[in-house]
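Report on one structure; see the data block that follows.
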Amino acid sequence: MQSSTFSVPFVFDANTNQLSSCNQVPDYISCLNEEQRLAVETTEGPLLVLAGAGTGKTRVLVSRIAHIIATTKAKPHEILVTTFTNKAAREMKERVKDTTGPVANSLSWIGTFHALSARILRNHTSYVGLQPDFAILSAEEQVHLLKKLIESANLDEKRWPAKLLASIINEWKNKGLDEHSISNLEAQHYLFGGKAKQLYAAYQARLSEHNAVDYGDLLSLVVRIWKQDPNILAEYQSKFRYILVDEYQDTNIVQYLWLKLLAIKSKNIACVGDDDQSIYGWRGAEVTNILRFEQNFPGAKVILLKRNYRSTSNILNSASYLISHNKNRLPKDLFSDRVSSEDDEKVSVCCATSSKEEARSIGTLIELLRQKGQPYSQVAILVRTSSQMKEFEDRFISIGIPYRILGGPKFYDRAEIKDALAYFRCTVRPYDNLSFERILGTPKRGLGKATLQKMHALAKQEGYSTMEAAEAIAISSMVYPKTRASLLELINKLKKWHSLACNTPVAELSSIILDESGYIDMLKRESTPESEIRLDNLKELVRSAADYDSLSNFLESTALITGNESNPSNEDSVNIMTIHAAKGLEFDTVFLPGWEEGLFPHQRALNDKQSGLEEERRLAYVGLTRARKTAMIWFTSSRRVQGYWQASTPSRFLGELSQAHASFAAISPIQTEISHTNVYTQMHKNNLLKPGRVDSHIMSREGSPDTNNDLKVGTRVFSKTFGYGTTIKAAGHNNMKILFDTAGYKTIRNSYIEPV
DNA sequence: GAGGAATTGATTTTT
DNA sequence: TCAATTCCTC
């Protein structure tokens, strides 16, 4: 896309609330194409910008913010912008700064729905029976809490999994339903029976006891306040004169209600999104929001961005043809801005015999690309499931290709960070039971299950918090003196830190806590490379704590911000990530391995009716459109899934690529250098002309009952995948290690082989 | 309560 | 297969 660097020097004086030097015709307009300019200049009334992949969505939003500030009388703090992640919000703010100058600093309402809602909710806590310092429950804590409630309701955890209950509650909150509708949810009906409603009531009661909300509440409470009190709503309606929404296809129903209430007065709502890139349906995103925009916001203008600046026409056309197989979408006609030339390669489809070979071939290709001057960082491997990553890691380590995994374990997900935060939270809020239970046994101090059980019993009996119960036990004779002393020591430390909290700098306080708790010592004693990293992470945590003026403010920010900047190594390295994590990114070369039925589209999505398949197809579309110049799709003829070897059928999506823009058999110049990939033979062998044929008994693990349990060692057997072989030894209940005549040693399910 | 053995169960993931 | 969890023993 155009790379003009310019700056419109707006100055916003917060004292006088005046914006100066904004009467010049700003330059940001001139670098937009006609479609984009229309989207930027239509500042009044509801607007939907339907932007295909690579059409400059963010540029439109950024320019629009600049335009609104320049041409209307709106102040930056009267503009509300929602983004999908915190990271996107930061990046958007940076880009606005590049375009409008220092005025971006006054753009204070830009962030995720959750972050914005938390701010709004803090002003009206009494309205919904909360204290202003309410805590925000993380997903993990939510499951933990539900687990405990299920336990105390004497339900069998195996049959009533907390995770399932959590997903039901979340789904239902995302849909903006209230407690009366929980009984309508099909899933809870047969899984939880009448108990779900009780469990939910207990859950919500526990939340308010703890002065906490979960992520769903954050939004729905704001919606509830706005619905119930017209005065409060009116206040926000006039406060936010312009509303901009990024990634509109990923909003859920509550977020729609939220926007609708807020925008109903000014009608100045502009949403940017692409229905074809909606890949988060499984967590509540509602594509219908974008499909029905014109009905939901009467008088809406819809602008389609069709000019794609990213991909070559072969890639774009393949992707467009693929996505045209979806029924539930708004048709678009994207065209590539790139002048077709010799390096407009077709999308190539290649086959390997196993995931190992797949990784080996792709590794070789990457090395060749590198020799031809392509930096590693311009190469991405986009997988459907994270389990596919390991094969590539192994291979890359052995041949020395530097790589990085994006969207891997997040900083705040690391055990040591969570432990540290749990210590901090106990210090600040002594009634935080979850955190207290987390720190009890880390580092080891002779406190465990038995002691915890006693605390629980006492807490329940006396209505204490866990820490109060611990204190009572520490001065009673309910436990051994050794346990008592250890417990007392912990409690005294927590009390000491609590008293330090108000007049000690945050960074100092946090390092005192980590030190005195023995946590640092524990890691130092380990002295493994692993523990070195952990110590570094803790140092990093202490460093970032220094930016806050109180420990509780620091904790507040960590509840909403998950640092997903993955290891910012400056080394030129290949990017490995899931397709989900690749959303919004682009690379010169993209490898898409594992296009096989059952893996991509994923079996779980296939079981899940038509909408599941369509979302998988959108995912394929997103994957393909990440590529600028080269896209290479791979599939294998057999793959080890969950430890078992399975014959695989090429993905039905391969048959949905446009023949004119994808080459199934034609071999690109680089590929000819790989001798062991015989595309032709494999294509025939795998019956690629009829993609989508699934051998259901092979793909599904539960498909057929396990027979052949009486197989003896040394028996000759036959497998559809590997041919003839001899059993070597039993491996677990229903598996056998077999030496195949041609395929070598494999461990497979007994049901996949038959004696001959 | 700690540590080793056995069992289980495995998309995608942000706030 | 492989990691996480639970079970079992000392």
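A donor-acceptor contact under 3.5 angstrom links the side-chain atoms of A:Arg283 to the base of B:dT14.
Looking at the side chain of A:Thr85, the nearest of the listed nucleotides C:dT1, B:dT15, B:dT12 is B:dT15. Here the side chain of A:Trp282 is nearest to one of B:dT15, B:dT12, B:dT11, namely B:dT12. Minimum atom distance to the side chain of A:Ala581 is reached by B:dT13, of the listed B:dT13, B:dT15, C:dC2. Side chain of A:Thr578, nearest nucleotide from B:dT12, C:dC2, B:dT14: B:dT12.
Put simply, CD on A:Glu171 is 19 Å from P on B:dT12, counting in whole angstrom units. Atom CD of A:Glu91 is separated from atom P of B:dT14 by 14 Å (rounded to the nearest Å). Put simply, CZ on A:Phe600 is 12 Å from C1' on B:dT11, counting in whole angstrom units. Counting to the nearest Å, the C1' atom of B:dT15 and the CZ atom of A:Phe84 are 9 Å from each other. The distance from atom CZ of A:Arg639 to atom C1' of C:dT1 is 14 Å, rounded to the nearest whole Å. Whole-Å rounding puts the A:Lys356 NZ to C:dT1 C1' distance at 11 Å. Atom pair A:Leu613:CG and B:dT12:P shows a separation of 19 Å (rounding to whole Å applied). Nucleotide B:dT13 holds its C1' atom 14 Å from the CD atom of A:Gln142, rounded to whole Å.
In the model, A:Glu357 has no side-chain atom that pairs as donor or acceptor with a side-chain atom of A:Thr636 under 3.5 Å.
Phosphate proximity of B:dT12 to A:Ser386: present, with a side-chain N or O under 4.0 Å from OP1 or OP2. In this model, the phosphate group of B:dT14 is not approached by any side-chain N or O of A:Asn86 to a distance below 4.0 Å at OP1 or OP2.
Residue A:Glu247 is out of contact with every strand shown, counting any heavy-atom pair closer than 4.0 Å. Using a 4.0 Å heavy-atom criterion, one finds that A:Ala139 contacts the bases of the nucleic acid, with or without backbone contacts as well.
The side-chain hydrogen bond (donor to acceptor under 3.5 Å, both in side chains) test applied to A:Asn211 returns A:Asp133, not counting sequence neighbours. For A:Ser117, the side-chain hydrogen bond (donor to acceptor under 3.5 Å, both in side chains) test picks out A:Trp258, with sequence neighbours left out. Partners of A:Glu489 according to the side-chain hydrogen bond (donor to acceptor under 3.5 Å, both in side chains) rule, which considers only residues two or more places apart in sequence or in another chain, are A:Lys493. Under the rule for a side-chain hydrogen bond (donor to acceptor under 3.5 Å, both in side chains), the partners of A:Lys583 that lie at least two apart in sequence or sit in another chain are A:Asp250. Every salt bridge (Lys or Arg N to Asp or Glu O under 4.0 Å) that A:Lys356 has, sequence neighbours left out, goes to A:Glu391.
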With 3.5 Å as the limit, what N/O pairs link the protein to nucleotides 1-4 of chain B?
residue	atom	partner	partner atom	Å
B:dG1	OP1	A:Gly448	N	3.4
B:dG1	OP1	A:Thr451	OG1	3.0
B:dG1	OP2	A:Lys449	N	3.2
B:dG1	OP2	A:Ala450	N	3.0

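The gap from the P atom of C:dT5 to that of B:dT12 amounts to 16 Å, rounded to the nearest Å.
Between A:Glu615 and A:Arg618 there is a salt bridge, since at least one side-chain N of the basic residue sits less than 4.0 Å from a carboxylate O of the acidic one.
In this structure, B:dT11 shows a glycosidic angle within 90 degrees of zero, which is the syn conformation.
In this structure, A:His602 forms an aromatic stack with the base of B:dT11, since both conditions hold: centre separation below 5.5 Å and plane angle below 30°.
Aromatic ring orientation, A:Phe424 versus A:Phe554: tilted (interplanar angle from 30° to 60°).
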